[in-house]
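In the text below, chain A, chain B and the rest are named by the order of the sequence lines, each starting its count at 1.
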Number of protein chains: 2
Amino acid sequence: MIYTVGEMAKRLGVAPSTLRYYDQEGLLPFVERSSGGIRVFKDSDYEWLQVIGCLKKTGMQLKDIKSFIEMAMQGDETIEPRLALIVKQKESVKAQIAELEETLCTLEFKEWYYETAKENGSTAVPRNMALDELPEQFRKVRLKLRGE
Amino acid sequence: MIYTVGEMAKRLGVAPSTLRYYDQEGLLPFVERSSGGIRVFKDSDYEWLQVIGCLKKTGMQLKDIKSFIEMAMQGDETIEPRLALIVKQKESVKAQIAELEETLCTLEFKEWYYETAKENGSTAVPRNMALDELPEQFRKVRLKLRGE
DNA sequence: ATACAAGTTCAAGTTACCTTTAAGTCAATA
DNA sequence: TATTGACTTAAAGGTAACTTGAACTTGTAT
């Protein structure tokens, strides 16, 4: 199967202008053109675009994704640096998950805080509660929020 | 304890210009000024800034954080919408974690892919491997990447 | 009293990532 | 063959979140 930029964009759930922009930025050196200059996307290009999408989700910048694609275009000599980059991004994603888990704990504290405020008609109640009055799992969170 | 903008920025690990920018954008209505116009941060302001930082980590935009702060400044009448917002952000963070977990699976597949390529001197080996030749946990990932 | 680091405002600059617009070309259908 | 919708490029515009620079003021330390 082959696709135009619009068809491929639809398949990926992105705007056609995004694909044109990526191409312009050098992220899509694998995309060929028809005799008339129209971009011709193949199924194997879809896979490249999925990889680009994956790296984007890790928070990698387009210029770094470009380097990765350029390495891939060089062929088998660049297997090791590509592996290294994947491993690095894997660690980065693990760190991001850990940070979001912490953020989640803070939000759960805040949820409890406003639930308690709602029940009592005032934020003063959870705010002035002694540390040992609050549920055990929220004590560390409150200390951290208050910088203690 | 009271702090200048520079001291508070240091305590938070951000640039002083960031705090001035937030103030300018209306995110810090609780910060008072000295007679000479210098910002005076209190310990309770540190806690607000930590909450702002938490909401930022959830991916919330500054204009939406501003709305939250404005509600908080209104007092106890806004407990319910604040609770609703926290719960919404909690769900958003859970979704972000789920997406990163999926991204992690893809990266683990890619790690295996390049490890196998490295062992065999060519990406052709993992690329052309039959689906039932690859480790079970990577089969669904490859199908998704190839759009099958 | 004087120096001087760090504060102030306002405006302009920066970066990343697209999107939009304009002017024109390609290619599938009637 | 003519129409029409989707393609092309180049350049400009947009947005979020800061950062920087210039010109000036505050407040602490000698």
Asks: Applying side-chain contact (heavy atoms from CB on, under 4.5 Å) between A:Val5 and each of A:Thr18, A:Val31, A:Asp23, A:Leu19, report the one that passes.
Replies: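 Of the listed residues A:Thr18, A:Val31, A:Asp23, A:Leu19, the side-chain contact (heavy atoms from CB on, under 4.5 Å) partner of A:Val5 is A:Leu19.
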
Asks: Whole angstrom is fine here: how far is it from NZ in A:Lys57 over to C1' in C:dC17?
Replies: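 Those two atoms, NZ and C1', are 17 Å apart.
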
Asks: How many Å lie between CD on A:Glu7 and P on C:dA27, as a whole number?
Replies: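 Rounding to the nearest Å, CD of A:Glu7 and P of C:dA27 are 13 Å apart.
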
Asks: Specify the separation, in whole Å, of atom NZ of A:Lys63 and atom P of C:dA16.
Replies: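 Answer to the nearest Å: 5 Å.
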
Asks: May I ask you to list the residues of residues 23-42 of chain A, by number, that have any heavy atom positioned under 4.0 Å from an atom of DNA chain D?
Replies: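 Nucleic-acid contacts, sorted: A:Arg33, A:Gly37, A:Ile38, A:Arg39.
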
Asks: Keeping the roles fixed (side chain from A:Glu25, backbone from A:Lys63), state whether a donor-acceptor pair exists under 3.5 Å.
Replies: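 Flag not set: sc A:Glu25 to bb A:Lys63 has no pair under 3.5 Å.
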
Asks: To the side chain of B:Lys56, which of C:dT19, C:dT8, D:dA17 is closest?
Replies: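 Of C:dT19, C:dT8, D:dA17, D:dA17 is nearest to the side chain of B:Lys56.
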
Asks: Quick one: on DNA chain D, does B:Gly59 or A:Gly6 contact a more 5' nucleotide (nearest heavy atom)?
Replies: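 In this pair, the answer is A:Gly6.
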
Asks: With side chains defined as the heavy atoms from C-beta onward, is the minimum distance between B:Lys57 and A:Thr106 less than 4.5 Å?
Replies: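 Answer no - side chains too far apart.
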
Asks: Can you tell me if CD on B:Glu80 sees more than 12 non-hydrogen neighbours from other groups inside 6.0 Å?
Replies: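 For B:Glu80, atom CD is not crowded (no more than 12 foreign heavy atoms under 6.0 Å).
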
Asks: Spell out, yes or no, whether B:Ile38 and B:Leu49 are grouped together once hydrophobic residues are joined by side-chain heavy atoms under 4.5 Å, including indirect joins.
Replies: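 No, B:Ile38 and B:Leu49 fall in different hydrophobic clusters.
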
Asks: From D:dT20, C:dT8, C:dC17, pick the nucleotide closest to the side chain of A:Leu62?
Replies: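 Closest nucleotide among those given: C:dC17.
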
Asks: Would you mind telling me which of B:Asp43, B:Val40, B:Asp45 makes a side-chain contact (heavy atoms from CB on, under 4.5 Å) with B:Tyr3?
Replies: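 Exactly one candidate clears the test, B:Asp43.
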
Asks: Between C:dC17 atom P and A:Ile52 atom CD1, what is the distance in whole Å?
Replies: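 Going from A:Ile52 (CD1) to C:dC17 (P), I get 13 Å.
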
Asks: Parallel, tilted or perpendicular: which one describes the rings of B:Phe30 and B:Trp48, with boundaries at 30° and 60°?
Replies: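 Because their plane-to-plane angle is under 30°, the rings of B:Phe30 and B:Trp48 count as parallel.
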
Asks: Check every strand shown and say whether A:Thr4 touches a base, only sugar-phosphate, or nothing at a heavy-atom separation below 4.0 Å.
Replies: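 Result for A:Thr4 = sugar-phosphate.
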
Asks: State whether B:Thr18 places a side-chain N or O below 4.0 Å from either non-bridging phosphate oxygen (OP1 or OP2) of D:dT19.
Replies: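 For B:Thr18, the contact criterion (side-chain N or O under 4.0 Å from OP1 or OP2 of D:dT19) is met.
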
Asks: What is the separation between atom OH on B:Tyr21 and atom P on C:dT14, rounded to the nearest whole Å?
Replies: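 B:Tyr21 atom OH is separated from C:dT14 atom P by 17 Å.
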
Asks: Classify the nucleic acid contact of A:Ser17 as base, sugar-phosphate or nothing, counting any heavy atom under 4.0 Å across all strands shown.
Replies: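 If one applies the 4.0 Å heavy-atom cut-off, A:Ser17 turns out to touch a base.
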
Asks: What's the OH-P distance between A:Tyr22 and D:dT8, to the nearest Å?
Replies: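 Computing the A:Tyr22:OH to D:dT8:P distance gives 17 Å.
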
Asks: Could you state the CE-P distance from A:Met60 to C:dA16, rounded to the nearest angstrom?
Replies: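 Whole-Å distance recorded here is 14 Å.
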
Asks: In this structure, how many angstroms lie between the P atom of C:dT9 and the CZ atom of B:Arg20, rounded?
Replies: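 The answer, rounded to whole Å, is 8 Å.
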
